[in-house]
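Have a look at the structure below, then the notes.
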Protein chains: 2
Amino acid sequence: MATRDSKDPDLERSLTLLWSGRPQGRRGPRPRLTVDGIARAAVEVADAEGIEALSMQRIATELGYSTMSLYNHVPSKDLLLEVAADIGAGPPPDIGDPDDFRPAVRRWVAALWAGFRLRPWMLRVPFDHAPVGPHQLAWLDRLLRPLLAAGLSGRQARVAALHLTAVVRGTAQISLSLAAVNRTDDGVPRSDADLARILTGFLDERDYPALTAVYTAELAGDTAADTADEDPLPFELGFGVDRFLDGVESWVAANRPGADS
Amino acid sequence: MATRDSKDPDLERSLTLLWSGRPQGRRGPRPRLTVDGIARAAVEVADAEGIEALSMQRIATELGYSTMSLYNHVPSKDLLLEVAADIGAGPPPDIGDPDDFRPAVRRWVAALWAGFRLRPWMLRVPFDHAPVGPHQLAWLDRLLRPLLAAGLSGRQARVAALHLTAVVRGTAQISLSLAAVNRTDDGVPRSDADLARILTGFLDERDYPALTAVYTAELAGDTAADTADEDPLPFELGFGVDRFLDGVESWVAANRPGADS
DNA sequence: CATTAGAACGTATGACATACACAGTTTTAG
DNA sequence: CTAAAACTGTGTATGTCATACGTTCTAATG
């Protein structure tokens with residue numbers, strides 16, 4: 001049951017690694033390193049210097065051990081990243097009464113968004129299967145509660161949760177990377193409007209009619225007050241989420257007695 | 001104007017690379033390699049052997065040139081990947097009459113889904129800013145047309161498009177990676193149900209009530225006939241998209257005269 | 001006590017991206 | 001018409017990285 005073997009497919013390994021309640025009474029010297037400690041160090045490094053700086057060597061020196069000792073506890077960097085991502089996710093947010101469907105889901109979305117804003121490196125962790133870590137599943141569980149409470153079936157709730165997760169991730173990937181470019185850029189702080197301005201220079205209106213229409217409108221200062229400051233969802237994310245919730249709401253209202261699809 | 005210089009931030013470079021209409025009348029020997037040819041070779045390699053096999057050396061030998069010659073045309077692997085991703089996207093699909101809002105959007109979504117199914121490696125190309133390549137923008141343009149036709153404002157259409165793109169990407173990332181695990185796995189072909197079965201072994205019902213409820217229901221064969229075969233959207237993707245479209249529809253109906261947010 | 005699983009370590013290997021200097025080739029300036 | 005300039009393709013070199021392997025030491029078990 002060492003960590004230094006078995007390169008079988010994947011899922012089982014992730015699971016045992018992520019959920020390992022240390023089996024008692026092993027031989028050998030007492031381990032001074034732990035999976036958890038290693039992953040926690042990885043999170044610290046990623047928080048401080050981004051995911052590019054995250055090498056096995058970096059983690060090891062951070063902990064004061066040799067690079068290879070990590071491999072006694074973790075079978076590969078990929079798996080380690082998976083554990084780090086689960087730890088990085090942290091415990092799920094409190095979203096209030098799940099029966100209060102809409103605000104509960106909105107709070108969940110806002111929390112995930114805030115999480116990605118806090119740890120942008122989590123957007124870079126490649127994503128190899130459905131979430132299986134304890135924290136990730138706890139997040140999922142919290143989201144499923146209001147969705148089920150709203151009247152969705154199990155299957156529907158599951159895909160709705162997937163939908164929402166994907167939306168937050170995708171939106172964050174685009175919006176937050178823009179912010180990252182801002183940091184490295186010395187001159188102009190780039191923004192949506194800047195992008196629009198640059199692009200319109202390249203676009204031929206005949207090839208991209210809708211796009212040029214949208215961007216020129218955007219440049220004409222359609223930018224509208226960024227709604228309420230207390231709303232933690234930016235328009236970019238909130239509009240889509242709200243439309244989706246509208247749709248879910250009316251759908252459950254219409255299909256109250258009906259079965260699945 | 002060589003490619004062998006200027007490491008300034010990012011966006012401008014991507015743009016000039018992606019849109020470069022070869023400026024005529026340069027000195028030096030006629031280039032035998034082109035950005036396009038290189039990127040096309042990259043696509044071939046990725047198609048055949050996945051993105052892990054995609055190294056600069058691999059591309060170069062594929063083309064019969066030395067590794068370093070690539071750098072005369074492409075400033076870095078990251079930028080090259082961006083170009084390859086744009087080429088891999090290909091021209092946007094024909095989605096029919098944009099005024100026929102719903103089916104048009106659905107066709108677009110189905111096409112993108114099919115694209116990711118065909119080239120799963122595109123899901124692994126890191127995603128550093130809003131799309132700027134000619135093909136990517138053409139896809140975006142095609143999606144914006146029905147959204148605008150449906151009555152959304154420019155800004156709303158833009159975020160709706162972002163929303164839909166994110167959903168397809170995210171859903172594909174999870175569902176298609178499952179399929180990939182299937183391929184490497186020798187014994188059981190894993191599926192949603194398998195995942196459910198495995199997970200329920202780990203989960204404590206008290207910590208994950210909603211999740212266990214969903215999964216046990218799923219195991220009880222809630223799996224329902226996979227709807228129509230002619231519907232190119234799997235339930236996983238279609239349900240969310242349809243709810244979103246419902247929401248958009250009712251929203252534009254309600255806010256016909258109103259301005260933005 | 002003797003055995004043995006397992007921990008930490010060092011060294012080694014093989015990819016890989018990319019910097020740099022060189023040699024050959026066209027185009028343009030004088 | 002010639003010479004410099006700009007550029008292409010190549011070879012070699014460097015530094016980083018994940019990870020395989022063998023060794024040594026430690027502590028729990030028979």
Side-chain angles (χ1 to χ4, degrees), chain A residues 1-7 13 16 20 22-38 41-42 45-46 49-84 124-126, chain B residues 1-7 13 16 20 22-38 41-42 45-46 49-84 124-126:
Chain A
M1 213 286 203
T3 332
R4 216 190 207 181
D5 49 15
S6 61
K7 63 263 182 178
R13 328 212 54 216
T16 56
S20 65
R22 281 269 117 221
Q24 294 294 67
R26 344 224 326 139
R27 295 212 176 159
R30 253 168 266 123
R32 290 139 74 202
L33 283 169
T34 67
V35 176
D36 201 76
I38 295 172
V45 171
E49 307 177 38
I51 205 173
E52 325 80 46
L54 196 70
S55 70
M56 295 304 264
Q57 355 229 4
R58 186 80 174 65
I59 300 171
T61 57
E62 199 75 10
L63 290 165
Y65 288 85
S66 83
T67 306
M68 289 312 289
S69 45
L70 303 185
Y71 284 97
N72 284 317
H73 307 270
V74 159
S76 77
K77 191 189 183 183
D78 287 340
L79 269 295
L80 171 57
L81 272 181
E82 222 173 300
V83 182
R124 304 287 194 148
V125 176
Chain B
M1 214 288 203
T3 332
R4 217 187 204 180
D5 48 15
S6 62
K7 65 263 182 181
R13 325 213 57 216
T16 54
S20 64
R22 283 266 119 225
Q24 295 293 69
R26 347 226 321 140
R27 293 203 180 168
R30 254 166 264 125
R32 289 138 74 201
L33 284 168
T34 67
V35 175
D36 202 74
I38 295 172
V45 172
E49 307 177 39
I51 206 174
E52 325 81 45
L54 196 72
S55 70
M56 295 305 263
Q57 355 229 1
R58 185 78 174 67
I59 299 171
T61 58
E62 199 75 11
L63 289 166
Y65 288 83
S66 82
T67 306
M68 289 311 291
S69 47
L70 304 185
Y71 285 95
N72 282 319
H73 307 269
V74 159
S76 78
K77 191 188 183 182
D78 287 341
L79 270 295
L80 170 57
L81 272 181
E82 224 172 298
V83 181
R124 304 289 196 149
V125 176

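Proteins come first, then strands; the chains are lettered A, B, ... in the order of their sequence lines, and each starts at number 1.
- Between the P atom of C:dC16 and the CG atom of B:D78 lies a distance of 16 Å, rounded to the nearest Å.
- Residue contacts shown for A:S66 include a base, since a base heavy atom lies under 4.0 Å away.
- Within the nucleic acid shown, A:S76 comes within 4.0 Å of sugar-phosphate atoms alone, with no base atom in reach, counting heavy atoms only.
- Taking side-chain N and O atoms only, A:S69 has a distance below 4.0 Å to OP1 or OP2 of C:dC9.
- Spacing between atom CG of B:L70 and atom P of D:dT10 amounts to 9 Å, rounded to whole angstrom units.
- A close approach under 4.0 Å does not occur between any side-chain nitrogen or oxygen of B:R27 and OP1 or OP2 of D:dT8.
- Taking only side-chain nitrogens and oxygens, B:H73 never comes nearer than 4.0 Å to OP1 or OP2 of D:dC7.
- For A:N72 against C:dG6, no side-chain N or O and base N or O form a donor-acceptor pair under 3.5 Å.
- Within the nucleic acid shown, A:M56 comes within 4.0 Å of sugar-phosphate atoms alone, with no base atom in reach, counting heavy atoms only.
- Here the closest heavy-atom approach between residue B:V35 and residue B:H73 is recorded as CG2-O, 3.4 Å.
- The minimum heavy-atom distance between A:A41 and A:I59, with the atom names listed, is CB-CG2, 4.1 Å.
- Side-chain nitrogen and oxygen atoms of B:Y71 include at least one within less than 4.0 Å of the OP1 or OP2 phosphate oxygen of C:dT18.
- For C:dA15, neither phosphate oxygen OP1 nor OP2 lies less than 4.0 angstrom from any side-chain nitrogen or oxygen of B:Q57.
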